[in-house]
K.L.:
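Quick one: the structure is below, questions incoming.
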There are 2 protein chains.
Amino acid sequence: MNLVAQFAVDHKVPCEQCPLRDCAIFRPLSDGEVDLLSDFKIGEFTVEGGSTIFSEGVRSDQLFTVLEGWGFRYKTLPDGRRQIINFILPGDFIGLQATLDAEMEHSVETLTAASLCTFPRQKLTEVFARSPRLAFDVTWLAAREERVLDEHLLSLGRRTARERAAYYLAHLFVRAEEVGLAVEGRVRFPFTQQHLADALGLSLVHTNKILRRLTYDRLIEWEHGLFRSPDFGALAELGGYDMEDRQERPLL
Amino acid sequence: MNLVAQFAVDHKVPCEQCPLRDCAIFRPLSDGEVDLLSDFKIGEFTVEGGSTIFSEGVRSDQLFTVLEGWGFRYKTLPDGRRQIINFILPGDFIGLQATLDAEMEHSVETLTAASLCTFPRQKLTEVFARSPRLAFDVTWLAAREERVLDEHLLSLGRRTARERAAYYLAHLFVRAEEVGLAVEGRVRFPFTQQHLADALGLSLVHTNKILRRLTYDRLIEWEHGLFRSPDFGALAELGGYDMEDRQERPLL
DNA sequence: CGTTCTATTGAATAACGTCAAGGACGGTGG
DNA sequence: CCACCGTCCTTGACGTTATTCAATAGAACG
């Protein structure tokens with residue numbers, strides 16, 4: 001694990017040129033909003049896979065939007081047990097969970113090389129003052145994240161291991177697809193079965209057995225990091241994954 | 001279960017007289033903020049225990065602040081399995097999880113008679129426009145809720161049933177205490193073991209056995225609905241509950 | 001006092017975790 | 001090119017945890 005002590009600003013691409021904005025899923029911004037966001041933004045930087053972005057118990061003065069790469073957000077118990085709260089994909093806004101002056105209560109680590117857009121936490125109040133619309137977007141994102149956690153909580157509490165795995169894989173697949181990470185129905189999952197186990201709240205061994213069975217039942221394929229589902233409908237059905245219409249969402 | 005089809009406005013107490021504001025845990029508002037909030041508020045109403053406030057799959061035009069009473073927020077699977085996401089206590093702001101025009105993805109039901117402060121969802125954007133500070137408070141509450149869910153997720157995924165129960169009971173006790181519901185170290189828990197089981201992701205039988213053991217080990221007492229812990233430190237320790245300094249929080 | 005929730009307990013069963021041992025694969029250095 | 005390693009994946013055997021089934025006892029409520 002590689003601790004990023006200081007986030008150097010590599011360069012600064014104007015927000016209006018942000019490649020993510022081309023994804024249909026993201027709400028278009030007005031010129032004024034983009035200007036404000038550009039102003040809010042400090043810069044970008046790139047880290048390699050395995051870098052720690054946030055660390056439990058440490059304060060962070062920055063917020064990030066992920067431009068590229070995968071990561072995950074997690075908490076650990078003193079004896080080392082780890083729970084992955086969720087995976088982080090391009091377009092995700094991270095760091096909001098902590099208050100302005102409080103310590104992070106979770107850690108974030110990258111799975112692949114990643115590039116992040118940086119915002120100073122202190123200026124968030126200024127953004128709220130200058131653009132109610134962007135303020136609303138921030139709130140909207142927080143509420144959306146909460147809905148995702150609700151569903152995950154339902155999984156961990158009440159779904160069987162098999163249903164849980166099916167739900168989560170369907171969920172991850174769709175999230176990746178939304179931001180253009182799917183090629184011919186395939187997505188590269190840059191995490192190991194141990195990561196998935198830690199997200200599902202299962203042991204590594206049991207996770208493996210369930211994945212093998214889902215593979216045998218032709219619900220998933222996951223080899224050499226490349227994932228696809230031969231029958232996504234059945235996978236979603238098994239997991240109780242709701243293929244709701246993906247609504248437009250903000251991008252900060 | 002008693003479905004509340006329409007929320008009649010019983011009366012409207014000015015926000016500046018809100019009894020909850022006396023609790024030390026809540027951040028004081030400026031006069032201007034209170035005025036705006038009063039303006040935002042439609043009124044109050046009272047429901048009996050067992051009433052459904054929100055229903056999964058149904059749109060709601062209102063947001064609520066709980067003035068008095070207990071409730072819980074939950075999701076269910078088609079076959080009836082239920083997961084309680086969290087309990088709702090006085091001072092909690094509910095309904096934010098859904099977007100302006102989307103269906104609720106969870107239900108909320110009262111456990112006791114409750115009185116709720118009502119706000120029209122549509123006017124939320126106006127509040128954002130008129131008071132960045134209140135907007136920030138809304139966001140802050142959403143982020144805080146997320147942190148609570150993170151911790152609960154860690155519980156369900158990685159804590160043993162015993163640790164989980166200890167954590168959750170400690171958590172509930174402190175929450176109740178914060179809003180003045182504790183009398184001589186005792187809190188009335190208005191829910192059944194089935195509710196607790198559904199929150200912990202355990203079966204009723206197993207929950208009961210664990211509670212009996214916690215009682216035998218003199219970590220908790222819970223009789224006739226009245227809860228206390230003879231050794232809160234040990235309970236918190238077992239559950240890994242962090243007795244962080246309770247920071248001030250907004251009240252809407 | 002019946003009736004209806006709720007709590008409690010034991011026994012049988014299923015789900016999941018732990019332990020242990022290989023196997024596949026890619027990278028590295030000789 | 002090949003031996004050596006480290007990481008990740010896979011599988012079987014076995015132990016533990018939690019669920020389900022079933023039955024009874026207590027409380028709460030008219």
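Lettering follows sequence order; numbering is per chain, from 1.
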K.L.:
For B:Ile88, is there any backbone N or O sitting under 3.5 Å from a side-chain donor or acceptor partner on B:Asn86?
P.N.:
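No: the side chain of B:Asn86 does not pair with the backbone of B:Ile88.
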
K.L.:
Measure from the ring center of A:His195 to the ring center of A:Phe72 and say whether it is less than 6.0 Å.
P.N.:
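Yes - the distance between ring centres of A:His195 and A:Phe72 falls below the 6.0 Å cut-off.
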
K.L.:
Under 3.5 Å, is there a donor-acceptor pair between the B:Gln83 and A:Asp150 side chains?
P.N.:
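No, no side-chain donor-acceptor contact under 3.5 Å.
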
K.L.:
Ring centres under 6.0 Å, that's the criterion: do B:Phe64 and B:Phe93 meet it?
P.N.:
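Ring centres of B:Phe93 and B:Phe64 not closer than 6.0 Å.
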
K.L.:
Quick one: does B:Arg186's side chain have a donor or acceptor within less than 3.5 Å of a partner on B:Ser229's backbone?
P.N.:
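Side chain of B:Arg186 to backbone of B:Ser229: no pair is present.
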
K.L.:
Mapping A:Gly201 and A:His224 onto DNA chain C by nearest heavy atom, which one lands closer to the 5' end?
P.N.:
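Closer to the 5' end of DNA chain C: A:Gly201.
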
K.L.:
Just wondering, more than 12 heavy atoms not from B:Glu163 lying within 6.0 Å of its CD?
P.N.:
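More than 12 heavy atoms, drawn from other residues, nucleotides or ligands, come within 6.0 Å of this atom.
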
K.L.:
Should the ring pair A:Phe232 and A:Tyr241 be called parallel, tilted or perpendicular, given that the plane angle runs from 0 to 90° and is split at 30 and 60?
P.N.:
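If you compare the ring of A:Phe232 with that of A:Tyr241, the planes turn out perpendicular.
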
K.L.:
Got a second to check how far A:Ile220's CD1 is from A:Leu214's CG, nearest 0.5 Å?
P.N.:
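A:Ile220 atom CD1 to A:Leu214 atom CG measures 5.0 Å (nearest 0.5 Å).
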
K.L.:
Under 30°, 30 to 60°, or over 60°: which ring-plane class applies to A:Phe227 and A:Trp222, parallel, tilted or perpendicular?
P.N.:
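A:Phe227 vs A:Trp222 ring planes: perpendicular.
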
K.L.:
For residues 152-169 of chain A, which residues have at least one heavy atom under 4.0 Å from DNA chain C?
P.N.:
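Only A:Ala161 qualify.
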
K.L.:
Going 5' to 3' along DNA chain D, which are the first and last nucleotides with any atom under 4.0 Å from a heavy atom of chain A?
P.N.:
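Contacts span D:dC8 to D:dA13, reading 5' to 3'.
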
K.L.:
Donor-acceptor pair, A:Thr65 side chain versus A:Cys117 backbone, under 3.5 Å?
P.N.:
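Not a single qualifying donor-acceptor pair exists.
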
K.L.:
Identify the pairs formed between an N or O of the protein and an N or O of nucleotides 6-8 of chain C at a distance under 3.5 Å, and give each distance.
P.N.:
from, atom 1, to, atom 2, distance (Å)
C:dA7, OP2, B:Gln193, N, 3.0
C:dT8, OP1, B:Arg212, NE, 3.4
C:dT8, OP2, B:Gln193, NE2, 2.7
C:dT8, OP2, B:Asn208, ND2, 2.8
C:dT8, O5', B:Asn208, ND2, 3.4

